[in-house]
Each structure stands twice: as structure tokens, then as C-alpha cells.
Chemist: 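This structure is in C-alpha cells; I'll ask about it shortly.
As the structure lists them, so they are numbered: ligands from 1, and atoms in each ligand from 1. Start at 1 with the first residue, then count along the sequence.
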Amino acid sequence: MKVLVTGGLGFIGSHTVVELQNEGFEVVIIDNLSNSSEDVLKGITNITGKTPLFEKLDLREKASVQDFFKKHSDVTGVIHFAASKAVGESVENPLLYYENNISTLVYLLQELQQKPEASFIFSSSCTVYGQAEKMPITEDAPVQAAMSPYGNTKQIGEEIITDTTKVTNINAILLRYFNPVGAHSSNQIGELPLGVPQNLVPFITQTGVGLRKELSVFGDDYPTPDGTAVRDYIHVVDLAKAHVIALQRLFNKKNLQKVETFNLGTGTGSSVLEVINSFEKVSDKKLPYIIKPRREGDITEAYANTDKANNVLGWKAELSLDEAMASAWKWEQKVRS
Ligand code: WQD
């Protein structure tokens, strides 16, 4: 089975390509290299011994997408990661996000609907829940009005897919990630944020190597045990494995509906201070940080109810926060060496 992975040279995409190859799938990657580099192909090959097919292509060019599917007519499964994903940037530049995250999804689905059958895995996010009322968060928690155009593109994307599967032979699984962190144990691939990292863990590891003076902790006055915000940090390798299991579920026609939704988290919430403590433990370094006001748009807490993923999808996160922090730290030191 040939599987298309869009954004396959990105952080989660590259880890998923490795797990697909480990399971014997032939992989073709589309990436426009706007937030990744072709060197990642080497990293993947060093791990699996197989170099995935790669097409440098911008999914915003409809004709290029059509040409791709003519050339790779044997693709019947797609895992769609390619999207812009910086919450703050999306507020400043909404049209970039609506074009890049929505039009590309439409072009992909227009190609897949022409096939006798197609399987589609969508990279969604717990952002769709906003600040959920109840913890841990289940898949039937209400989708709340998006706090950013980025979050809105995930909600709209889910709706487009749901509507499309009703009238086509496409079956889909929506994977709502919590907070992906860490790096592959081989230290061949990991997170490569461009510029100043928006996310907590890469900012911590860059502070650890001295690239950043100190970490700003955005708020210690939240209604949480230690006052800092709580998230569900899931190891990227656990997340990648879930994508392969989801795709196999569709290929083997085990899905119970045309569209199924799964939360992908560990089921455990960790505060910012707990993440800092984990880093200090695994790195044996003191992390300089300063308490700053809350960040605009941040929620207090979010962690997953993993029952559905465990019992229906047959997947469970296995790696701990310490293992994620240790792998992220090891990767940062390599990238900076
Ligand atoms: C985590 C916690 C911050 C940076 C976002 C997207 C989500 C997904 C993951 C794409 C928060 C605090 C952070 C810093 C800090 N992205 N923090 N200092 O905001 O939970 O989720 O990234 O799919 O869709 O919304 O992740 O890592 O930015 O923040 O104190 O320098 O760390 O306030 O409490 P977030 P994050």
C-alpha cells in the first residue's frame, strides 16, 4: 500500500513516516519545505534504511496536486499533516492560514473522491475544545468557538471532511492531538522550530543549551495546584504510532462510522513547573526562568480522556514525560553541536 504523508518532513510527519516504514508501508512525502528541511529525509533513512519518495510541492497549487495524483495513482491512503500551526501568527495573518490550511485540504479531497475507495487521516488538535468544562476531555466534549484562526481551520477542516465522507467513498479518522513533544530515540529526527519557539518544550531545551537567556513562564496565577497552566504532553513517537494504527483501521475496514474521532494524549496533565522539573531532572541542569503575565488566548488546563483511543482504536501512550524531555534534550544538544 502506498501512503501519502503531506508535511512528512515536519516534526510529527517525519516520526510518522518512520513508523509507517517500520510497518512495511511504501511512503511518498509531499512537503513544501516552508517549515522543514530535506535533511530530514537522511534522518528517516538512517533510522529505517529506506528513503521515502519525496515530492517538493505546495498543496496550494491545485494543478500540482492533480499532477501528483496522476503520477502516484496507486495512493489510496493519506495522512495529512501539512498546515500552518502557529496560533499567534494565525491571529496576525488569518488569510495565510485559511488559504494554507483549508484550500489544500479541499484539493486533496477532490482527488481522493475520484478513487473507488480512500482512507484519510486528519491532523486535528485539542484546540477545538477551547477551555473544556470537564477534565479529562472526552471526544464528545463540545467544540467551542475557536480562539484563533489556526484553531478555526482545524474545526472547519473536521467539518469539511465529515461532509465529504457522507457523499464519497472516503473514510476518515480525525486525530485530536494534545501537546506533542520529544524526539525519536535514535536522535536522528526531532523538532526543528524556525526562529523563536512558540511552544514550551523547544523553548526549554533551547534555554538549556544557552540559545535563550531564560524561559518566560506565562502566568502562575491559574486555578491549578501550582498556579501554572496544565497540558497533556504526549511523546511524538507514541503519537506517530497512533497514526499507523488509525490508517490500518481504515485499510482493514474496521471503522464503525465514515468518520471517527480520537483524542491522542497520555491522560495525564502536567503543569509548566512540572515540565521544568522534569527537564532539570533529566538534564541535571538548573533552568533559568522568570514568571511573566499569562499569554493571550491560553487556557488553564487540558488533558485527554484516553478511553476511546485505548478501547476502540487499540492504542495507548507508553512513553513518560521524563522520557520525552530526555529525548528532546538529547536532540537539542545534537542540533546545536
Ligand atoms: C504550553 C504551555 C503556555 C511557551 C499549542 C497549540 C496546539 C498545538 C500545541 C499545534 C502553556 C506555556 C509556553 C513559553 C510558557 N499546536 N508556555 N512559556 O499553547 O498548549 O498548544 O501548541 O497543533 O494546537 O495551541 O502549547 O507549548 O505553546 O504552551 O509558559 O515560552 O506552556 O502558556 O501553558 P499550547 P505551548
Chemist: Sub-3.5 Å donor-acceptor pair from the side chain of Lys308 to the main-chain atoms of Thr261, do we have one?
Modeler: yes

Chemist: Taking the six-membered ring of Phe218, is the NZ or CZ of Lys292 close enough (under 6.0 Å from the centre) and on axis enough (within 45°)?
Modeler: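 No, cation not above the ring by the 6.0 Å, 45° rule.
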
Chemist: Are a donor atom and an acceptor atom from the side chains of Tyr97 and Asn152 found within less than 3.5 Å of each other?
Modeler: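 No, no side-chain donor-acceptor pair sits under 3.5 Å.
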
Chemist: Distance alone, cut at 3.5 Å: any donor-acceptor contact between the side chains of Tyr177 and Ser123?
Modeler: yes

Chemist: Distances for all N or O pairs of ligand 1 and the protein under 3.5 Å?
Modeler:
from     : atom 1 : to     : atom 2 : distance (Å)
ligand 1 : 18 (N) : Ser216 : O      : 2.7
ligand 1 : 19 (O) : Arg295 : NH2    : 3.0
ligand 1 : 20 (O) : Asn179 : ND2    : 3.0
ligand 1 : 20 (O) : Arg231 : NE     : 2.7
ligand 1 : 22 (O) : Asn199 : ND2    : 3.0
ligand 1 : 23 (O) : Tyr150 : OH     : 2.6
ligand 1 : 24 (O) : Ser125 : OG     : 3.0
ligand 1 : 24 (O) : Thr127 : OG1    : 2.7
ligand 1 : 26 (O) : Asn179 : ND2    : 3.1
ligand 1 : 27 (O) : Asn199 : ND2    : 3.4
ligand 1 : 27 (O) : Leu200 : N      : 2.8
ligand 1 : 28 (O) : Gln198 : O      : 3.4
ligand 1 : 28 (O) : Asn199 : ND2    : 3.1
ligand 1 : 28 (O) : Arg295 : NH1    : 3.4
ligand 1 : 28 (O) : Arg295 : NH2    : 2.8
ligand 1 : 29 (O) : Arg295 : NH2    : 3.3
ligand 1 : 30 (O) : Ser216 : O      : 3.4
ligand 1 : 30 (O) : Phe218 : N      : 2.9
ligand 1 : 33 (O) : Asp298 : OD2    : 2.5

Chemist: Kindly compute the distance separating CG (Leu9) from OG (Ser37), expressed to the nearest 0.5 Å.
Modeler: 7.5 Å

Chemist: Quick one about Thr48 and Gln21 (side-chain donor to acceptor, distance below 3.5 Å, no hydrogens or angles considered), yes or no?
Modeler: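 Yes, because at least one side-chain N or O of Gln21 sits under 3.5 Å from a partner of the opposite role on Thr48.
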
